[in-house]
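Accompanying notes for the structure given below.
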Number of protein chains: 2
Amino acid sequence: MPPVKDAPFTKGGSLSVKKSKALRAAPGANLQTSPPSLLSPFQLESVSLFIHVFGALSLPRSIGEIYGLLFSTQEPLSLDDVQTRLQLSRGSASEGLRWLRSLGAVNQVYLPGIRKEHFTAETSLRKLASGYLRDRIDPHLENGPSRLSILESSIDPTSPAAHFEKSRVGQIAGWYKFFAKALPLVKALAGKF
Amino acid sequence: MPPVKDAPFTKGGSLSVKKSKALRAAPGANLQTSPPSLLSPFQLESVSLFIHVFGALSLPRSIGEIYGLLFSTQEPLSLDDVQTRLQLSRGSASEGLRWLRSLGAVNQVYLPGIRKEHFTAETSLRKLASGYLRDRIDPHLENGPSRLSILESSIDPTSPAAHFEKSRVGQIAGWYKFFAKALPLVKALAGKF
DNA sequence: TAAAATGTTCAAAAAATATTGAACATTTTT
DNA sequence: AAAAATGTTCAATATTTTTTGAACATTTTA
């Protein structure tokens with residue numbers, strides 16, 4: 001049998017760990033070189049932690065940074081605040097914030113007398129989970145039945161493989177049932193945290 | 001308030017839908033131009049479906065292709081079979097198969113008298129789920145506690161923000177508890193399907 | 001033991017995805 | 001109504017991830 005070295009393999013769970021420029025080195029290291037740091041140690045740690053968490057879901061780094069900053073900051077922050085403190089581009093900050101808002105992970109706060117929109121992190125697990133499931137998982141399940149029937153109709157009943165293929169279709173149908181049961185269960189449990 | 005057109009936005013749930021070369025057009029369209037088709041309609045549909053499913057988990061297309069082919073084929077297939085029928089490079093087929101094997105999504109089958117290794121798709125939801133959770137989710141939860149204590153120790157107790165920051169740490173601790181409860185529950189439920 | 005068969009690895013190329021920044025649109029203020 | 005403030009969009013660029021293919025390693029066969 002050929003060699004099986006102990007896997008240098010990038011896909012060690014796919015999506016090889018993203019490393020890049022700033023905020024990468026030591027978890028609590030300073031941000032850039034120019035400003036000593038626009039973030040407190042707690043904020044820095046928080047940003048680093050959420051980059052990691054969101055990364056586990058294959059979400060872009062900027063999303064994690066933004067959520068991490070809002071999570072670790074008591075006062076609502078504006079787009080400019082986010083952009084400045086994180087040293088992001090305007091576009092990234094705008095789109096990232098919009099994405100988080102659409103998911104329900106970030107709340108808009110209206111501050112009387114202030115025109116700029118301000119944002120805070122949503123921390124209710126129920127809301128976070130249901131937003132994520134709604135936007136990123138449910139859509140795939142919705143067109144499941146239609147995909148399944150397409151698959152089923154691709155079977156040639158006269159072929160010797162037909163029996164096997166039908167059993168596979170049944171298999172997938174079972175999987176969908178599992179999800180139909182598991183998702184509400186998880187959502188309900190999330191409500192208790 | 002500035003314009004809010006209805007989101008052309010790439011990140012419409014992040015990871016914009018991957019399109020690329022072959023097997024992309026119509027779900028059941030022919031694979032390439034050269035060979036009329038190395039796959040049956042059922043196999044073609046299956047591959048297309050699993051590219052989609054694995055894509056939802058941000059896994060590379062080749063992984064979905066390989067699993068889809070094995071899933072829709074009764075006989076065990078060799079590395080060469082996979083490579084040929086899917087028109088993949090040797091490297092992709094080898095690494096993809098290895099990755100799926102390590103996850104437990106693909107089983108190795110020993111065929112008496114045949115030297116080449118052969119593979120079949122694992123379809124037990126319990127095995128698939130636990131493999132995925134073990135490889136891609138659990139690791140993130142494991143170093144959770146350590147990350148959490150780093151975060152906690154970054155709080156300056158004399159700062160006015162200390163109280164708020166402690167409550168955030170508590171928040172995250174609660175999330176970990178949720179996962180500690182939810183994961184086993186999901187694994188158990190998966191066992192029934 | 002040389003040749004063939006089977007697999008793996010990894011550097012280079014290709015493809016996909018994210019980020020930037022400047023142009024554009026809207027609302028508010030002057 | 002012009003200027004300022006605030007946000008969004010999108011084409012260009014940068015980064016990351018995936019794929020390829022040929023070199024390499026091991027085992028089996030002749």
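Below, chains carry the letters A, B, ... as their sequence lines are ordered, and counting in each starts from 1.
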Does A:S92 use its side chain to pair, donor to acceptor, with the backbone of A:L88 at less than 3.5 Å?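 Flag not set: sc A:S92 to bb A:L88 has no pair under 3.5 Å.
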Rounded to whole Å, how long is the line connecting atom [atom1] of [X] with atom [atom2] of [N]?
X     : N      : atom1 : atom2 : result
A:L59 : D:dT16 : CG    : P     : 16 Å
A:Q83 : C:dT19 : CD    : P     : 14 Å
B:L79 : D:dT26 : CG    : C1'   : 15 Å
B:L88 : C:dT8  : CG    : P     : 15 Å
A:E65 : C:dA18 : CD    : P     : 14 Å
A:R90 : C:dA22 : CZ    : C1'   : 11 Å
B:R61 : C:dA15 : CZ    : C1'   : 11 Å
B:R98 : C:dG7  : CZ    : P     : 13 Å

Do the rings of A:Y67 and A:F54 sit parallel, tilted or perpendicular, given the 30° and 60° boundaries?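 If you compare the ring of A:Y67 with that of A:F54, the planes turn out tilted.
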For A:S92 and C:dT20, is the shortest distance between a side-chain N/O and OP1 or OP2 below 4.0 Å?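 It does, given that an N or O in the side chain of A:S92 lies less than 4.0 Å from OP1 or OP2 of C:dT20.
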N/O (side chain, A:S62) to phosphate O (OP1/OP2, C:dA18) under 4.0 Å: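 No, outside the criterion.
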The side chain of [X] is closest to which nucleotide in this list: [options]?
X      : options                : value
B:S89  : C:dC10, D:dG21, D:dG7  : D:dG21
B:K116 : C:dT8, C:dG7, D:dT8    : C:dG7
A:P60  : C:dT19, C:dT28, C:dC10 : C:dT19
B:R115 : D:dT8, C:dT8, D:dT28   : D:dT28

Taking the ring centre of each residue, are A:F71 and B:W175 less than 6.0 Å apart?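 Yes; B:W175 has its ring centre under 6.0 Å from that of A:F71.
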Side chains of A:F193 and B:K181: does their closest heavy-atom pair fall under 4.5 Å?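 Counting from C-beta outward, A:F193 and B:K181 do come under 4.5 Å.
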Distance, nearest 0.5 Å, that separates CG of A:D80 from NE2 of A:H118: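 Here the interatomic distance stands at 9.0 Å.
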